[in-house]
Amino acid sequence: MIILYTFIEEEKHQHLMDRYLDVFSENIKKDIMAYRRWQDAQLSLLGKVMLLHGLRTYYNIIDAELRKTPNNKPYLKDNPVHFNISHSKDLVACVIAKFPVGIDIEFCDPSINFQDFEFQMTPAECVQICKSEDKIKSFFTYWTAKEAVIKAHGDGIMIPLDSFQICNNTGIVDGEKFFVKDFFIDKNYCSCIASNDINVNNVVPVIEFFRM
């Protein structure tokens, strides 16, 4: 398993667009160019750039064709390798593995009132957050775990966050068990991967900073 990550930079934006945009299909280019904010366009672009780099460098996959399921989950056509991309604030990350996987990263915004989002958590999760010394960190740890599970499952927004519980690094969605695993990128962010494959517990991911 490889996890690639990088941070967006405004001063590099036009250079990155000129360098990488033509690598992609017209549909992907159109999607990237549709963003009004440079931040969103660059996050989208770099997530895909890191994916192609990771596939080529670590899995020897050169001509990857990106497709989407009916639930809008991206996948590689005719290839068993799995991937997922996440971004938050200035950070974007991509995970690539030989089994289904979801990833979520979240900026731990200290100004947030986590109680405004208690409805997204189960009662047991709310209790654990309130008992924590660092409630903001605890809240985002649960949030990233639940989002990673949803992304690993593949049904997206059809699954409410409060419809399942994270306990002992596992969560059950539609009777299917998912395993979650925290990893570290930056002190200001929470990061988590999830999979329905128990091997995710044993894999030590290679975490690499992608230099643009």
Side-chain angles (χ1 to χ4, degrees), residues 1-6 23-35 40-56 58-59 61-88 91-106 120 142-166 169-183 185 189-201 203 205 210:
M1 178 188 290
I2 175 74
I3 296 174
L4 300 168
Y5 71 94
T6 196
V23 170
F24 299 100
S25 69
E26 288 302 318
N27 285 339
I28 291 178
K29 286 196 288 186
K30 187 182 298 184
D31 288 344
I32 293 172
M33 294 299 292
Y35 289 108
D40 297 324
Q42 193 176 135
L43 288 166
S44 179
L45 174 69
L46 290 179
K48 295 174 177 64
V49 169
M50 289 192 298
L51 171 62
L52 296 187
H53 170 78
L55 291 172
R56 181 175 61 252
Y58 294 92
Y59 293 89
I61 299 173
I62 307 300
D63 299 317
E65 184 176 344
L66 303 182
R67 294 287 185 88
K68 288 186 178 181
T69 67
N71 291 323
N72 221 31
K73 182 178 181 179
Y75 68 96
L76 298 180
K77 180 186 178 185
D78 301 326
N79 198 295
V81 173
H82 300 263
F83 71 92
N84 201 226
I85 298 169
S86 181
H87 54 77
S88 178
L91 175 64
V92 56
C94 173
V95 61
I96 308 172
K98 292 185 176 179
F99 48 78
V101 64
I103 185 172
D104 192 61
I105 56 174
E106 297 290 343
Q120 300 277 25
Y142 275 112
W143 188 280
T144 53
K146 291 164 88 75
E147 288 282 1
V149 166
I150 287 175
K151 295 176 75 177
H153 183 280
D155 271 358
I157 60 173
M158 300 300 294
I159 305 172
L161 286 178
D162 65 341
S163 66
F164 65 99
Q165 182 166 301
I166 300 297
N169 294 320
T170 62
I172 298 176
V173 178
D174 295 335
E176 186 175 14
K177 191 172 187 177
F178 289 84
F179 306 90
V180 301
K181 187 173 187 177
D182 296 332
F183 65 96
I185 288 181
Y189 292 80
C190 281
S191 317
C192 188
I193 52 176
S195 178
N196 59 356
D197 191 321
I198 196 171
N199 287 319
V200 74
N201 290 330
V203 170
F210 180 71

* Structure fact -> d(Lys177 NZ, Ile198 CD1) to nearest 0.5 Å is 7.0 Å
* Listed by chain and number, what are the side chain to side chain contact (heavy atoms under 4.5 Å, CB included) partners of Val81, not counting sequence neighbours? -> Leu55, Tyr59, Ile61, Leu76, Asn79, Ile96
* Value rounded to 0.5 Å, distance of CG in Asn199 from CZ in Phe99 -> 6.0 Å
* For Phe24 and Val49, which heavy atoms make the closest approach, and how far apart are they? -> CZ-N, 3.8 Å
* **Donor-acceptor contact present, side-chain Lys151 to main-chain Lys73, <3.5 Å** => no
* To do: May I ask you to check whether His53 and Phe210 place their ring centers less than 6.0 Å from one another?
  => yes
* Asked: Looking at Pro80 and His82, what are the two nearest heavy atoms and their distance?
  -> O-CD2, 3.0 Å
* Asked: Is there a donor-acceptor contact under 3.5 Å from the side chain of Asp174 to the main chain of Glu176?
  -> no
* Asked: For Ser88, what residues pass the side chain to side chain contact (heavy atoms under 4.5 Å, CB included) criterion, not counting sequence neighbours?
  -> Ile105, Glu106, Phe107, Tyr189
* To do: Look at the aromatic rings of His153 and Phe178 and report parallel, tilted or perpendicular, splitting at 30° and 60°.
  => tilted
* Can you name the residues that form a side chain to side chain contact (heavy atoms under 4.5 Å, CB included) with Ser44, not counting sequence neighbours? -> Ile32, Tyr35, Lys48
* Asked: Step by step, would you call Ile193 with Phe183 a side-chain contact (heavy atoms from CB on, under 4.5 Å)?
  -> CA-CA 8 Å; Ile193 52 176; Phe183 65 96; 3.7 Å; yes
* Structure fact -> dist Asp104:CG -> Ser86:OG (nearest 0.5 Å) comes out at 4.0 Å
* Verify side-chain contact (heavy atoms from CB on, under 4.5 Å) between Thr69 and Tyr75, making sure each step is shown before the conclusion. => CA-CA 7 Å; Thr69 67; Tyr75 68 96; 3.7 Å; yes
* To do: Test side-chain contact (heavy atoms from CB on, under 4.5 Å) on Phe164 and Val173 and set out the steps.
  => CA-CA 6 Å; Phe164 65 99; Val173 178; 3.7 Å; yes
* Asked: So how far is it from Thr6 OG1 to Met50 CE, rounded to the nearest 0.5 Å?
  -> 6.5 Å
* Asked: Considering only heavy atoms from C-beta outward, does the side chain of Val101 approach that of Phe83 to under 4.5 Å?
  -> no
* Side chain of His87, backbone of Ile85: donor and acceptor closer than 3.5 Å? -> no
* Are Leu51 and Leu66 close enough that some pair of their side-chain heavy atoms sits under 4.5 Å apart? -> yes
* **Gap separating the SG atom of Cys190 from the CG atom of Asp182, nearest 0.5 angstrom** => 7.5 Å
* Within the side chain of Ser195, is there an N or O that forms a donor-acceptor pair under 3.5 Å with the backbone of Pro100? -> yes
* To do: To the nearest 0.5 Å, tell me how far Leu45 CG sits from Lys29 NZ.
  => 11.5 Å
* Structure fact -> What one should report as the nearest heavy-atom pair of Phe179 and Val200 is CB-CG1, 3.7 Å
* **Derivation and outcome, side-chain contact (heavy atoms from CB on, under 4.5 Å), residues Val95 and Met1** => CA-CA 7 Å; Val95 61; Met1 178 188 290; 3.7 Å; yes
* **Least distance between heavy atoms, Gly171 atom then Ile166 atom** => CA-CD1, 4.2 Å
* **Heavy-atom pair with the smallest gap, counting every atom of Val180 and Ala145** => CG1-O, 4.0 Å
* Pair Asp162-Gln120, side-chain donor/acceptor within less than 3.5 Å -> no
* If you take all heavy atoms of Cys192 and Ala148, which pair is closest and at what distance? -> O-CB, 3.7 Å
* Between Lys146 (side chain) and Leu161 (backbone), is there a donor-acceptor pair under 3.5 Å? -> yes
